[in-house]
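Nothing fancy with the numbering, it's 1 onward along the sequence.
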Amino acid sequence: MFEKKALLLREGDDVAVAVKKIPAGEVVSLNGGEFRTRQDIFPGHKVAVHSLRLDDPIHKYGQIIGFATKPIEAGDHVHVQNCAVKPLQLDCEYSTAVPTVDFVPEEARRKFQGIKRPDGRVGTRNYLAVVSTVNCSASVSRFIADHFKGDKLKAYPNVDGVIAITHKAGCGMNIHGDDLRMLQNTLAGYARHVNVSGYVIAGLGCEVNQATQMIHNTSLVSLGTPSPNPVVFTIQEEGGVTKAVERGIREISAMLPYANSFTRSTQSVSEIFVGTNCGGSDGNSGV
């Protein structure tokens, strides 16, 4: 069980961050030292790890976040009642304190069973995708993907599934606007994703986000078919939802042998890309 009461975000910080409520009078052990809280400290709030004098700078993340407006004792709650921003002149030299990274040699790195693509990238999954241009074709995209659940892929053991890339946009947008370009780039990113070995594009037909424009603007090329152009179909041109779903099933079925040709092999863990997400501007964002 996680028993830490507070975290020191960087060695040398003047404050720690409470990870749970610490009642007044409780002893906190931290990085070889300890102090007793003088007030209740609530989760995400700061507590002084040693005493500070009036006007002393207060460090968190190794950076000055304010100055003491009164003497602060170890264990005090540090907040607006005793910390304030004042003029500060710093000489910020770029990256002078970056430590040298001792990289693990290639032969000593951990391995995993990955899927190597023709362009050299290595994936962790092997999917076929149905990319929806607009919210109006989202249901069709999901119906196509759902068709391949269960035992439908039993003959293709190297294919991890068929996924639908859906969203709630694609129409009611400025055809030359930044929001449409962002949507097109995002959908193209899914289509090119290293975990996708082939894809089709499903549209309604009259949406702002026309597939042909998206392909042109993002330089999308075909994956999983002999043709250089991605497979595109629309509900209106196919003659309704049912026929569009049938078209999508046929196209994905034709891609299955190609997708199944990708097999897992031993790859270095250095080939894995990890996505991160900012925690937001709160008391725990640096944790």
Side-chain angles (χ1 to χ4, degrees), residues 111-170 182-203 209 211 214-215 218-235 238 241 244-277:
K111 309 295 182 182
F112 76 105
Q113 292 299 299
I115 300 164
K116 192 158 189 175
R117 300 298 183 185
D119 61 4
R121 296 181 301 160
V122 179
T124 59
R125 299 289 187 274
N126 189 27
Y127 294 124
L128 289 173
V130 186
V131 180
S132 178
T133 60
V134 66
N135 182 46
C136 306
S137 59
S139 293
V140 162
S141 300
R142 285 193 289 267
F143 292 154
I144 296 167
D146 288 346
H147 172 82
F148 293 93
K149 290 183 177 179
D151 292 334
K152 294 292 177 62
L153 298 179
K154 192 173 182 179
Y156 305 96
N158 297 325
V159 180
D160 294 313
V162 178
I163 56 175
I165 307 301
T166 62
H167 51 91
K168 296 185 181 298
M182 182 181 294
L183 174 64
Q184 291 179 343
N185 287 332
T186 301
L187 295 177
Y190 278 114
R192 295 192 188 100
H193 197 281
V194 67
N195 288 344
V196 173
S197 56
Y199 66 94
V200 298
I201 300 176
N209 184 31
M214 181 174 74
I215 292 167
T218 60
S219 302
L220 274 176
V221 296
S222 175
L223 294 176
T225 69
S227 169
N229 301 313
V231 173
V232 176
F233 58 90
T234 67
I235 297 170
E238 294 301 319
V241 167
V245 172
E246 291 172 348
R247 169 75 184 279
I249 291 171
R250 289 197 305 272
E251 299 291 355
I252 290 291
S253 296
M255 295 180 181
L256 283 171
Y258 173 77
N260 194 61
S261 68
F262 289 97
T263 57
R264 295 181 182 275
S265 58
T266 301
Q267 301 290 335
S268 170
V269 72
S270 61
E271 297 289 351
I272 295 179
F273 283 82
V274 179
T276 59
N277 186 39

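Atom OG in Ser265 sits 7.5 Å away from atom NZ in Lys116 (nearest 0.5 Å). Distance check: Ile115 CD1 to Asn126 CG gives 4.5 Å after rounding to the nearest 0.5 Å. The OG1 atom of Thr234 lies 9.0 Å from the CZ atom of Arg247; values are rounded to the nearest 0.5 Å. Distance check, rounded to the nearest 0.5 Å: CD of Glu246 to CZ of Arg250 gives 6.5 Å. Atom-to-atom distance recorded for Leu128:CG and Glu251:CD is 12.0 Å, nearest 0.5 angstrom. Atom OH of Tyr190 is separated from atom OG1 of Thr166 by 9.0 Å, given to the nearest 0.5 angstrom.
Listed by chain and number, the residues in a ring pair (Phe, Tyr, Trp, His ring centres under 6.0 Å) with Tyr258 are Phe262 (sequence neighbours excluded). For Arg125, there are no side chain to side chain donor-acceptor pair (under 3.5 Å) partners two or more places apart in sequence or in a different chain. Every side-chain contact (heavy atoms from CB on, under 4.5 Å) that Val194 has, sequence neighbours left out, goes to Arg117, Arg121. Applying the salt bridge (Lys or Arg N to Asp or Glu O under 4.0 Å) criterion to Arg264, with sequence neighbours excluded, gives Asp160. Taking the side-chain contact (heavy atoms from CB on, under 4.5 Å) definition, one finds that Ala188 meets it with Arg192, Thr218, Leu220, sequence neighbours left out. Under the side chain to side chain donor-acceptor pair (under 3.5 Å) criterion, Asn260 pairs with no residue, sequence neighbours left out. Residues passing the side chain to side chain donor-acceptor pair (under 3.5 Å) test with Thr186: none are found, sequence neighbours excluded. Residues meeting the side chain to side chain donor-acceptor pair (under 3.5 Å) test with Lys149, sequence neighbours left out: Asp146. In this structure Thr263 satisfies the side-chain contact (heavy atoms from CB on, under 4.5 Å) test together with Asn158, sequence neighbours excluded.
Of all heavy-atom pairs spanning Gly114 and Val122, the tightest one is CA-CG1, 3.9 Å. Here the closest heavy-atom approach between residue Val232 and residue Ala211 is recorded as CG1-CB, 3.6 Å. Minimum interatomic distance between Ile165 and Ala129 (heavy atoms only, all atoms of both residues): CG1-CB, 4.3 Å.
Contact annotation: the side chain of Tyr156 approaches that of Pro257 to within less than 4.5 Å [non-hydrogen atoms, C-beta and beyond]. Between Thr266 and Gln113, some side-chain heavy-atom pair lies under the 4.5 Å cut-off. Looking at Val130 and Val162, their side chains come closer than 4.5 Å, going by heavy atoms from C-beta outward. Between Val200 and Ile252, the closest side-chain pair of non-hydrogen atoms falls below 4.5 Å. Residues Val140 and Ile235 have side chains in contact (heavy-atom distance under 4.5 Å, counting atoms from C-beta outward).
Among pairs with a residue in residues 126-152, none fulfils ring-ring contact (aromatic ring centres under 6.0 Å, His included), at least two apart in sequence or across chains. Annotation: side-chain hydrogen bond (donor to acceptor under 3.5 Å, both in side chains) contacts involving residues 128-140, sequence neighbours excluded, comprise Ser132-Ser137, Thr133-Glu207.
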Can you list, pair by pair, the side-chain donor-acceptor contacts under 3.5 Å of residues 224-231, counting residues two or more places apart and other chains?
| residue | atom | partner | partner atom | Å |
| --- | --- | --- | --- | --- |
| Thr225 | OG1 | Ser222 | OG | 2.4 |
| Ser227 | OG | Asn229 | N | 3.1 |
| Ser227 | OG | Asn229 | O | 3.4 |

Review point. How far apart are the C-alpha atoms of Phe233 and Ile201, what are their side-chain angles, what is the distance that settles it, and do they pass the side chain to side chain contact (heavy atoms under 4.5 Å, CB included) test?
Key: CA-CA 7 Å; Phe233 58 90; Ile201 300 176; over 6 Å; no

